[in-house]
Protein chains: 2
Amino acid sequence: MELDQLTECYKAMADKTRLNILALLRHEELCVCELVEILKMTQPSISQHLRKLKQAKLVKERRNSQWIFYSIDGEIYPFIKANLEALPDMSEKIEQLKQSGGKVCC
Amino acid sequence: MELDQLTECYKAMADKTRLNILALLRHEELCVCELVEILKMTQPSISQHLRKLKQAKLVKERRNSQWIFYSIDGEIYPFIKANLEALPDMSEKIEQLKQSGGKVCC
DNA sequence: ATATTATATAAACATATGGTTATATACTAA
DNA sequence: TTAGTATATAACCATATGTTTATATAATAT
């Protein structure tokens with residue numbers, strides 16, 4: 001692959017928040033406000049991280065009425081599956097979101 | 001894996017020069033001055049990139065008299081092989097080094 | 001239309017990063 | 001020991017990055 005494209009990919013992954021987002025999206029697609037809720041960060045911050053991931057083609061978005069749902073893309077990277085599998089399991093966080101009714105608002 | 005360790009790994013890979021170094025080391029171990037020669041960069045710059053790669057445990061070093069040879073490590077990462085395979089082939093650069101006698105000096 | 005909710009973007013700022021130059025350290029050779 | 005070669009480290013600087021606050025845009029609901 002092209003080094004420039006690969007560099008952009010690894011830059012996108014070179015941040016703890018963004019790895020957290022990828023780890024969460026491994027379980028299921030999530031909208032911005034759900035990520036804000038789970039990661040306890042401000043909405044603009046999450047949005048900008050998502051933009052980077054999108055620019056690197058690691059995630060894709062899908063609009064559903066007022067919400068925009070993000071999910072893993074990464075089709076263009078032959079190694080993406082192996083990398084995602086190394087990410088920690090986040091099912092607990094997802095569970096907590098559902099328990100707290102956070103899933104309802106979206 | 002731990003997110004902090006993974007973040008450090010991807011940070012280490014999030015630079016074109018360092019991806020170049022990894023791509024080169026895929027072929028064979030190289031010393032600092034050979035990398036300087038191939039990549040046309042200053043010695044301190046290469047040394048600092050190597051330090052980052054070493055701290056992230058992506059490369060290891062071996063001293064042989066006055067030279068320090070670097071090679072791929074990455075044992076701790078389950079995905080490292082898949083990632084290295086996505087790097088471009090650098091055999092031409094290695095060939096050029098050998099042809100130019102650059103391999104002799106080290 | 002207006003208010004509300006979800007998301008994106010912009011501006012400002014502090015910190016991180018990568019390159020350069022200068023210098024220190026480690027080993028070799030004489 | 002002294003000189004030479006290979007590598008590492010430090011100091012400095014310019015640029016990149018991540019966060020925050022404020023504001024803009026888009027869709028929904030009344």
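So you know, we letter chains A, B, ... as the sequences are listed, proteins then strands, and number each from 1.
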Checklist entry - A:Leu35 CG to D:dT19 C1': how many Å, rounded? => result 17 Å
Next on the checklist: Could you tell me how far apart A:Phe69 (CZ) and C:dA8 (P) are, to the nearest whole angstrom?
Outcome noted: 12 Å
Item to check | Out of D:dT20, D:dT17, C:dT20, whichever nucleotide has its closest atom nearest the side chain of A:Lys11 | outcome: D:dT17
Checklist entry - Would A:Ser91 and A:Glu95 satisfy side chain to side chain contact (heavy atoms under 4.5 Å, CB included), going step by step from the backbone distance to the final call? => result CA-CA 6 Å; A:Ser91 44; A:Glu95 264 316 300; 5.7 Å; no
Checklist entry - Rounding to a whole Å, what distance do you find between A:Glu37:CD and C:dA6:P? => result 11 Å
Checklist entry - Would A:Glu28 and A:Lys98 pass as an ion pair if we require N to O under 4.0 Å? => result yes
Checklist entry - So does A:Tyr70 get a side-chain nitrogen or oxygen closer than 4.0 Å to the phosphate oxygens (OP1/OP2) of C:dA8? => result yes
Checklist outcome for this item: A:Leu19 CG to D:dG18 P, in whole Å, measures 11 Å
Next on the checklist: So, does B:Arg51 get its side chain near the phosphate of D:dA8, meaning an N or O under 4.0 Å from OP1 or OP2?
Outcome noted: no
Next on the checklist: For a quick test of reading the model: is some side-chain N or O of A:Thr42 closer than 4.0 Å to OP1 or OP2 of D:dT20?
Outcome noted: yes
Item to check | Euclidean distance, atom CG of residue A:Leu39 to atom P of D:dT19 [Å, nearest integer] | outcome: 11 Å
Checklist entry - Would A:Leu50 and A:Leu35 count as a side chain to side chain contact (heavy atoms under 4.5 Å, CB included) if you check the C-alpha gap in whole Å, the side-chain angles of each, and the deciding distance to 0.1 Å? => result CA-CA 10 Å; A:Leu50 286 169; A:Leu35 289 167; 4.0 Å; yes
Checklist entry - What is the nucleic acid contact for A:Lys52, judged by heavy atoms within less than 4.0 Å: base, sugar-phosphate only, or nothing? => result sugar-phosphate
Checklist outcome for this item: Contacts of B:Thr17 and A:Gln66 projected onto DNA chain C by closest heavy atom; the upstream (5') one is A:Gln66
Item to check | A:His49 vs D:dT17: side-chain N/O to OP1/OP2 distance below 4.0 Å | outcome: no
Next on the checklist: I'd like to know if A:Gln43 reaches the base of C:dA8 with its side chain, counting only an N/O donor and acceptor under 3.5 Å.
Outcome noted: yes
Checklist entry - Under 3.5 Å, is there a donor-acceptor pair linking the side chains of A:Ser47 and A:Gln43? => result yes
Next on the checklist: Taking the minimum atom-to-atom distance to the side chain of B:Arg63, which one of C:dA26, D:dT9, C:dA8 wins?
Outcome noted: C:dA26
Checklist entry - B:Ile68 has a side chain; which of D:dG18, C:dT28, D:dA8 sits nearest to it? => result D:dA8
Item to check | A:Asp15, nearest nucleotide to its side chain (from C:dT20, D:dA8, D:dG18) | outcome: D:dG18
Checklist outcome for this item: Separation of C:dT7 atom C1' from A:Glu34 atom CD, nearest Å, is 13 Å
Checklist entry - A:Asp15 and B:Tyr10: side-chain donor and acceptor closer than 3.5 Å? => result no
Checklist entry - Quick one: A:Leu50 CG to C:dT9 P, roughly how many Å, whole number? => result 11 Å
Item to check | Whole-Å gap separating C1' (C:dT9) and CD (A:Glu61) | outcome: 14 Å
Checklist entry - Where the side chain of A:Pro44 is concerned, which of D:dA10, D:dA22, D:dT7 is the nearest nucleotide? => result D:dA22
Checklist entry - Given C:dG19, C:dT20, D:dT20, which nucleotide is nearest the side-chain atoms of A:Ser45? => result D:dT20
Next on the checklist: Looking at B:Gln48 and C:dT20, is any side-chain donor or acceptor paired with a base atom of the opposite kind under 3.5 Å?
Outcome noted: yes
Checklist outcome for this item: Here the gap from A:Met90 atom CE to A:Ile38 atom CD1, rounded to the nearest 0.5 Å, amounts to 9.5 Å
Checklist entry - Are A:Arg18 and D:dG18 close enough that a side-chain N or O sits under 4.0 Å from OP1 or OP2? => result yes
